Trainee: 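To start, I am sharing the structure in question, which I have written as structure tokens.
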Amino acid sequence: MGTLMIDFITSLDGYGAAEGWPGWWGMESAEYLGWLDEQPEHTILMGATTYRLMSGMAESGEEGIEELTRRPKVVFSSTLADPLAWANTRLVTGDAVDSVRAMKADGHTEMRTLGSVSLGRSLITAGLVDRFRVVVFPVITGATGQDRIYEGYPDVRLDLVESRTFDGGLQLLEYVPTVLDGPPGSTEAVG
């Protein structure tokens, strides 16, 4: 069976982006970018908003995007139309959860999300996520933060399987997630 990793970069206060801040909050360190280039080949999953942002970054030649351009990507959207401009990108207009479930069942597809807060929420709620990885950037974007990542998530227990500190204080945390029916020890189901 194929595997799925939710993959986020966040500010310390849990935002996926912030108005006026550059990509990677301006802290993408050579060590971090090198690590990204060394990651195993995955099919990258994203929604329309992330696609628009990242394809725009690729078009403008922003540093660190070349590797993403080379990789296979799947965009889940009912608002975009073929053909998509970003190389190696396939559009899926149907239900993302059903599509990812089928991709996992084919047994050959290793997948990870890129941004896409609502897509990640849908996939973890459906119980399809095998790994949950976050790189926390040492910034707080309380005044300008956008895309609060964990809002609307179910309760999830995370078992740490890897951690690393990159130059500049970036923290990688990788977990195996378990979606819970509610807080441990509760008798009522949540959600």
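Numbering starts at 1 and runs along the sequence shown. What you see is a predicted model; the values in this text were computed from it and never measured.
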Trainee: Any side-chain heavy-atom pair from E162 and L172 closer than 4.5 angstrom?
Mentor: yes
Trainee: Quick one: do R90 and T43 satisfy side-chain contact (heavy atoms from CB on, under 4.5 Å)? Show the steps, please.
Mentor: CA-CA 10 Å; R90 178 172 59 99; T43 296; 5.9 Å; no
Trainee: Can L173 be reached from V176 by stepping across I, L, V, M, F, W or Y side chains whose heavy atoms are under 4.5 Å apart?
Mentor: no
Trainee: Would you say the side chain of L114 lies within less than 4.5 Å of the side chain of K73, judging by non-hydrogen atoms?
Mentor: no
Trainee: Should D7 and H42 be marked as a side-chain contact (heavy atoms from CB on, under 4.5 Å) after you check the CA-CA gap, both sets of side-chain angles, and the distance that decides it?
Mentor: CA-CA 11 Å; D7 199 1; H42 286 90; over 6 Å; no
Trainee: Determine the minimum heavy-atom distance between L123 and A96, stating which atoms define it.
Mentor: CD2-O, 4.4 Å
Trainee: First locate atom CZ of F166, then atom CD of Q171, and finally report the distance between them rounded to the nearest 0.5 Å.
Mentor: 9.5 Å
Trainee: List the steps, then state whether salt bridge (Lys or Arg N to Asp or Glu O under 4.0 Å) holds for E67 with R71.
Mentor: CA-CA 7 Å; E67 181 64 21; R71 292 188 183 218; 3.0 Å; yes
Trainee: To the nearest 0.5 angstrom, please state how far the CG atom of D147 sits from the CD atom of E19.
Mentor: 11.5 Å
Trainee: Measuring from L68:CG to M46:CE, what's the distance to the nearest 0.5 Å?
Mentor: 7.0 Å
Trainee: Are the side chains of R101 and D98 in contact, using a 4.5 Å heavy-atom criterion?
Mentor: yes
Trainee: Look at the side chain of D167 and the backbone N and O of Y32, then say whether any donor-acceptor pair between them is shorter than 3.5 Å.
Mentor: no
Trainee: For residues V156 and Y175, determine if any side-chain heavy atom of one lies less than 4.5 Å from a side-chain heavy atom of the other.
Mentor: no
Trainee: At their closest point, which heavy atom of G2 faces which heavy atom of D130, and how far apart are they?
Mentor: O-OD2, 4.1 Å
Trainee: Once you round to the nearest 0.5 Å, how far does OG of S11 lie from CE of M27?
Mentor: 11.5 Å
Trainee: Can you confirm whether W35 sits close enough to Q39 that some side-chain heavy atom of one is under 4.5 Å from a side-chain heavy atom of the other?
Mentor: yes
Trainee: Of all heavy-atom pairs between E151 and R121, which one has the smallest distance, and what is that distance?
Mentor: O-NE, 2.9 Å
Trainee: Applying side-chain contact (heavy atoms from CB on, under 4.5 Å), run through T50 and T113 and close with a yes or a no.
Mentor: CA-CA 10 Å; T50 300; T113 62; over 6 Å; no
Trainee: With a 3.5 Å cut-off and no angle check, do the side chains of T141 and W21 form a donor-acceptor pair?
Mentor: no
Trainee: Are the side chain of S116 and the backbone of G47 linked by a donor-acceptor contact shorter than 3.5 Å?
Mentor: yes
Trainee: Roughly how far, to the nearest 0.5 Å, is CD1 of I44 from OG1 of T89?
Mentor: 10.0 Å
Trainee: Atom CG of D95 and atom OG of S78: how far apart are they, to the nearest 0.5 Å?
Mentor: 11.0 Å
Trainee: Side chains of R52 and T79: is there a donor and an acceptor less than 3.5 Å apart?
Mentor: yes
Trainee: Mind telling me whether W86 and Y51 have parallel, tilted or perpendicular rings, with 30° and 60° as the class edges?
Mentor: tilted
Trainee: Do any N or O atoms from the side chain of D13 and from the backbone of I140 form a donor-acceptor pair under 3.5 angstrom?
Mentor: no
Trainee: Considering all heavy atoms of both residues, which atom of I124 and which atom of V179 are nearest to each other, and what is their separation?
Mentor: O-CG2, 3.1 Å
Trainee: Taking CD in E41 as the centre, count heavy atoms belonging to other residues, nucleotides or ligands within less than 6.0 Å. Is the count above 12?
Mentor: yes
Trainee: Closest heavy-atom contact between V74 and F76?
Mentor: CG1-CZ, 3.7 Å
Trainee: Quick check on the hydrophobic clustering: are M103 and L4 connected, directly or via other members, by side-chain heavy-atom contacts under 4.5 Å?
Mentor: yes
Trainee: Between I9 and W25, is any pair of side-chain heavy atoms under 4.5 Å apart?
Mentor: yes
Trainee: Evaluate the side-chain proximity of S77 to T93: yes if any heavy-atom separation is below 4.5 Å, no if none is.
Mentor: no
Trainee: Of all the heavy-atom pairs spanning G120 and I6, show the shortest one and how long it is.
Mentor: CA-CD1, 3.5 Å
Trainee: When you compare the side chain of V134 with that of Y150, does any pair of heavy atoms fall below 4.5 Å?
Mentor: yes
Trainee: Is there a side-chain contact (heavy atoms from CB on, under 4.5 Å) between M111 and K104 once you walk through the steps?
Mentor: CA-CA 8 Å; M111 301 168 281; K104 283 188 71 161; 3.3 Å; yes
